[in-house]
2 protein chains.
Amino acid sequence: MRENSHILFHSIHQLSRQLTRYLNEALEPFGLYNAQWSVLFVLKEKGTLTQKELCEYLAVEAPPMTRTIQRLVKQGYVEQQAGVDKRKKHIQLTAKAVGEFPAWEAAVLEANEKVLKLLPENSQEALQQIISEWTLGLKGGAVDKRD
Amino acid sequence: MRENSHILFHSIHQLSRQLTRYLNEALEPFGLYNAQWSVLFVLKEKGTLTQKELCEYLAVEAPPMTRTIQRLVKQGYVEQQAGVDKRKKHIQLTAKAVGEFPAWEAAVLEANEKVLKLLPENSQEALQQIISEWTLGLKGGAVDKRD
DNA sequence: CCAAAATAATTACCCAGGTAATTATTATTT
DNA sequence: AAATAATAATTACCTGGGTAATTATTTTGG
């Protein structure tokens, strides 16, 4: 009965791709990408985190996180320190990254503003709320895979 | 002033990934993937299309579309016919694909239903409308890259 | 009519995310 | 204490999307 679900899901997918594109454009001058920015942003807020914690926070699997972190290490924006538990690697921003962070953030916020201008403020709030609730339900495992 | 834009955009990205994962799960028994399904679905509705038209309809660049179509050809679900204009390739479903389509669609709809259950009906409509308007604005090129 | 511009599709090469299998280390169990 | 199980991260390999450059064909302009 709900054939329009195709359309809704496809719309969400396209919107997500388009937003990613804008973000990458904004980050391009700094040699950064979408996935790297999300890690830098979390580290700025949370301080030191293990890779596992980063994965959980960003809801990304371990392998792509390893790759993203390795790129950030190569660029000198992130440091890895072995913990007492030698399996864990603690990740934190370098001084260089802390120094450049404000410029990155300004560029990202400016790009976000431009895109958000096309969306009335009350729509933004509604959208955020609907998506948060939905994602919460999905994460909570309310979708039964059997049956 | 809108620091929460980070959160909104990230939420959309995660939601999109999660929905893609559910769709891929539903298609897995048929050896199909997300991107393939979107092409099959459009072809079922529209009949024969050129690759260019498929790209425009799905808002995907040409190279990934080439790849997706080549996989569908290999699986015997799609045929390519050179047109009068030899640059263009006309794509259509094979009889095999038409035959199996109902099973695919049933599986996808069932999966969609499960996910949509977590979202009240009025939220679905609101979501669809907000996203459609927004995407339209983005596509319309209202985002100025200069300045 | 022929050279130049435009177009459709492809190739090559990026980034991003996923699963399965592997490795090194730590925790548990017996 | 030694064997087994669990955990964090990595490696290998897949799909999916993007840009830049290339190829083949068709249109356009001089």
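This one's a predicted model, so the numbers in the text were calculated from it and none came from an experiment. We name chains A, B, ... by the order of the sequence lines, and we start the count at 1 in each one.
The CG-P distance, from B:Leu54 to D:dG17, rounds to 13 Å in whole Å. The interatomic distance linking B:Gln36 (CD) with D:dT15 (P) rounds to 8 Å, in whole Å. Rounded to whole Å, the distance from CZ on A:Arg87 to P on D:dT7 is 9 Å. Atom-to-atom, NZ of B:Lys52 to C1' of D:dT26 comes out at 14 Å; the value is rounded to the nearest Å. If you take CD1 of A:Ile12 and C1' of D:dG17, they are 18 Å apart, rounded to a whole angstrom. Across the protein-nucleic acid pair, A:Asn34 atom CG and D:dG16 atom P stand 19 Å apart, rounded to whole Å. With rounding to whole Å, B:Leu27 atom CG is found 14 Å from D:dG16 atom C1'.
Across all strands shown, C:dA3 forms a Watson-Crick or G-U wobble pair, both distances under 3.5 Å, with D:dT28.
Here B:Gln51 lies in heavy-atom contact (under 4.0 Å) with sugar-phosphate atoms only. Using a 4.0 Å heavy-atom distance criterion, A:Gln70 is classed as a sugar-phosphate-only contact. Heavy atoms of B:Ala62 sit under 4.0 angstrom from at least one base atom. Contact annotation for A:His90: no contact, since no heavy-atom pair falls under 4.0 Å across all strands. Base engagement by B:Arg67 is indicated by at least one non-hydrogen atom pair under 4.0 Å involving a base atom. Within 4.0 Å of B:Asn24, counting heavy atoms only, lies no atom of the nucleic acid at all.
For the pair A:His13 and D:dG16, the criterion of a side-chain N or O lying under 4.0 Å from OP1 or OP2 is not met. Between B:Arg21 and D:dT15, a side-chain N or O to OP1/OP2 separation shorter than 4.0 Å is absent.
Both A:Pro63 and A:Thr68 lie near DNA chain C, and the one whose nearest nucleotide falls closer to the 5' end is A:Thr68. Nucleotides of DNA chain C nearest to B:Arg17 and B:Lys89 differ in position, and the one nearer the 5' end is that of B:Lys89.
One N or O on the side chain of A:Glu53 and one on the backbone of A:Thr50 form a donor-acceptor pair closer than 3.5 Å. A donor-acceptor pair under 3.5 Å is absent between the side-chain atoms of B:Ser132 and the main chain of B:Gln129, judged by distance alone. Listed for the A:Asn24 side chain is a donor-acceptor partner under 3.5 Å among the backbone atoms of A:Asn34.
Two rings, from B:Phe41 and B:Trp37, have their centers less than 6.0 Å apart.
With A:Gln51 as the partner, the side-chain hydrogen bond (donor to acceptor under 3.5 Å, both in side chains) test is satisfied by one option alone out of A:Lys89, A:Gln80, A:Lys88: A:Gln80.
A 4.0 Å heavy-atom criterion places the boundary nucleotides of DNA chain C facing chain A at C:dC15 to C:dT26, written 5' to 3'.
A salt bridge between A:Lys52 and A:Glu56 is present, with a side-chain N of the basic residue lying under 4.0 Å from a carboxylate O of the acidic one. One finds no salt bridge joining B:Glu113 and B:Lys117 here, because no Lys/Arg side-chain nitrogen approaches an Asp/Glu carboxylate oxygen to under 4.0 Å.
Geometrically, A:Lys96 engages A:Tyr77 in a cation-pi contact defined by less than 6.0 Å to the ring centre and at most 45° from the axis.
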